[in-house]
2 protein chains.
Amino acid sequence: MFERELLKGSLGLMLMALIEQGPMYGYLIAKEIRSLTDDVIDLKEGSLYPALHRLEKEGMIEGFWQRREDGVDRRYYRITAAGQAVLDERRAQWSRFSAAVSKVVSDAPSQ
Amino acid sequence: MFERELLKGSLGLMLMALIEQGPMYGYLIAKEIRSLTDDVIDLKEGSLYPALHRLEKEGMIEGFWQRREDGVDRRYYRITAAGQAVLDERRAQWSRFSAAVSKVVSDAPSQ
DNA sequence: AAGGATACTTTGTTATACAAGGTATAGAAT
DNA sequence: ATTCTATACCTTGTATAACAAAGTATCCTT
């Protein structure tokens with residue numbers, strides 16, 4: 001699967017970009033990404049939760065448990081100051097990178 | 001390094017897109033990519049040659065040796081029919097994928 | 001009673017970019 | 001003469017990260 005490899009390197013960026021907009025929890029993030037991308041990106045749990053733990057361990061986001069009325073616990077995440085700085089950087093990097101790939105790949109051989 | 005992970009999944013696509021334009025050899029491909037992307041993507045030999053071998057083994061490209069006047073051998077690659085079909089597919093996939101990431105990442109929270 | 005949605009977790013597998021080493025030639029600079 | 005840079009290819013070992021697959025638990029619908 002090519003998509004699997006394409007995702008590498010951009011998943012953390014997407015998670016941080018969503019969390020930047022306000023506290024979110026994993027399951028909702030996955031639904032948001034599916035919805036925003038019309039199912040082009042369908043994040044699996046085995047990718048999502050380890051990625052969130054990774055970002056938390058790196059200090060990019062911080063998590064906190066919140067209990068719903070029915071007693072179910074959700075782990076919400078918000079972005080940290082350090083995470084915000086890295087996010088800005090990575091966002092710019094993604095722009096450069098995707099533009100670069102598109103240029104190499106684009107169908108304009110001669111001229 | 002984030003770039004390392006970003007590259008995963010799009011390197012094969014870039015190589016095939018360049019080879020599509022006419023027979024090319026590894027060293028030239030690396031120079032082309034650096035030049036086209038203003039050094040944003042600087043392909044390492046340890047990535048380049050294994051990737052070419054992989055594509056050849058998969059039947060996407062085929063290589064042939066060509067000797068220069070000075071006796072130096074170069075391995076040129078051209079795209080195969082199967083490779084062309086996969087390239088078209090991957091090119092479309094890259095468009096979908098990069099647009100999807102950009103949408104999730106883009107700085108338009110509300111509205 | 002069974003199935004699906006919600007919500008989080010973990011273990012093991014796989015793919016691949018790259019660091020670092022190697023071989024070899026040619027021309028320019030010191 | 002020797003060193004350095006560019007050209008041109010190759011290989012081994014390592015690290016990373018997405019994912020499959022399994023698990024736990026609750027709630028609601030059929």
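Since the structure is predicted, the reported quantities are computational estimates derived from the model, not experimental observations. Worth knowing before you read on, the calculation uses all heavy atoms, side chains too, and leaves out hydrogens, waters and symmetry mates. Per chain, numbering begins at 1; letters A, B, ... match sequence-line order.
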S.K.: Nearest 0.5 Å, what's the CG-CG distance between B:Leu18 and B:Leu36?
M.R.: 6.5 Å
S.K.: Grab the CD-C1' distance between A:Glu32 and C:dT6 for me, whole Å please.
M.R.: 16 Å
S.K.: Rounded to the nearest Å, what distance is computed from the OH atom of residue A:Tyr25 to the C1' atom of nucleotide C:dC8?
M.R.: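 In whole Å, C:dC8 C1' and A:Tyr25 OH are 12 Å from each other.
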S.K.: Just the rounded figure in Å: distance from C1' of D:dC9 to CE of B:Met24.
M.R.: 16 Å
S.K.: Run the side-chain hydrogen bond (donor to acceptor under 3.5 Å, both in side chains) test against A:Glu62 and tell me which residues pass, sequence neighbours left out.
M.R.: A:Arg78
S.K.: What's the CD1-C1' distance between A:Ile29 and C:dT9, to the nearest Å?
M.R.: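 Roughly 16 Å, once rounded to whole Å.
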S.K.: Which of these nucleotides, C:dT16, C:dT6, D:dA8, is closest to any side-chain atom of B:Arg54?
M.R.: C:dT16
S.K.: Within this structure, what is the CZ-to-P distance between A:Arg74 and D:dA25, rounded to whole angstrom?
M.R.: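 The answer, rounded to whole Å, is 20 Å.
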S.K.: Could you tell me how far apart B:Glu56 (CD) and D:dC9 (P) are, to the nearest whole angstrom?
M.R.: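 Answer to the nearest Å: 12 Å.
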S.K.: Summarise protein proximity over nucleotides 10-15 of chain D in one line of letters, 5' to 3': B for base, S for sugar-phosphate only, - for none, counting protein heavy atoms closer than 4.0 Å.
M.R.: BB----
S.K.: Just jot down the side-chain hydrogen bond (donor to acceptor under 3.5 Å, both in side chains) partners of B:Asp42, sequence neighbours excluded, or say none.
M.R.: B:Arg34
S.K.: Does a side-chain N or O of A:Lys31 approach OP1 or OP2 of C:dT6 to a distance below 4.0 Å, or not?
M.R.: yes
S.K.: So what does B:Leu28 hit on the nucleic acid, given a heavy-atom distance under 4.0 Å: a base, only sugar-phosphate, or nothing?
M.R.: nothing
S.K.: Any heavy-atom pair between the side chains of A:Leu15 and A:Leu43 that's under 4.5 Å?
M.R.: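 Result yes, sub-4.5 Å side-chain heavy-atom pair found.
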S.K.: Is there a side-chain contact between A:His53 and A:Glu58, using heavy atoms and a 4.5 Å cut-off?
M.R.: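 Answer no - side chains too far apart.
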S.K.: Do A:Trp94 and B:Ser98 meet the criterion of a side-chain donor-acceptor pair at a distance under 3.5 Å?
M.R.: no
S.K.: Calculate the interatomic distance between A:Leu48 atom CG and C:dC8 atom P; express it in whole Å.
M.R.: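 Distance, rounded to whole Å: 8 Å.
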S.K.: Suppose we screen for ring-ring contact (aromatic ring centres under 6.0 Å, His included). Which residues come up paired with A:Tyr49, at least two apart in sequence or across chains?
M.R.: none
S.K.: If the condition is side-chain hydrogen bond (donor to acceptor under 3.5 Å, both in side chains), which residues does B:Tyr76 pass it with, not counting sequence neighbours?
M.R.: B:Arg74
S.K.: Atom pairs under 3.5 Å, N or O on each side, protein against nucleotides 24-29 of chain C: can you list them with distances?
M.R.:
none

S.K.: Can you tell me how far CE of A:Met60 sits from CD1 of A:Ile79, rounded to the nearest 0.5 angstrom?
M.R.: 8.5 Å
S.K.: Please report the distance, rounded to the nearest Å, between CG in A:Leu43 and C1' in D:dA18.
M.R.: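 In whole Å, D:dA18 C1' lies 9 Å from A:Leu43 CG.
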S.K.: Can you tell me if the side-chain N/O atoms of A:Tyr27 get under 4.0 Å from OP1 or OP2 in C:dC8?
M.R.: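 For C:dC8, neither OP1 nor OP2 has a side-chain N or O of A:Tyr27 closer than 4.0 Å.
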S.K.: Hey, is the side chain of A:Lys44 poking within less than 4.0 Å of OP1 or OP2 on D:dA21, counting only N and O atoms?
M.R.: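 No, A:Lys44 has no side-chain N/O under 4.0 Å of OP1/OP2 on D:dA21.
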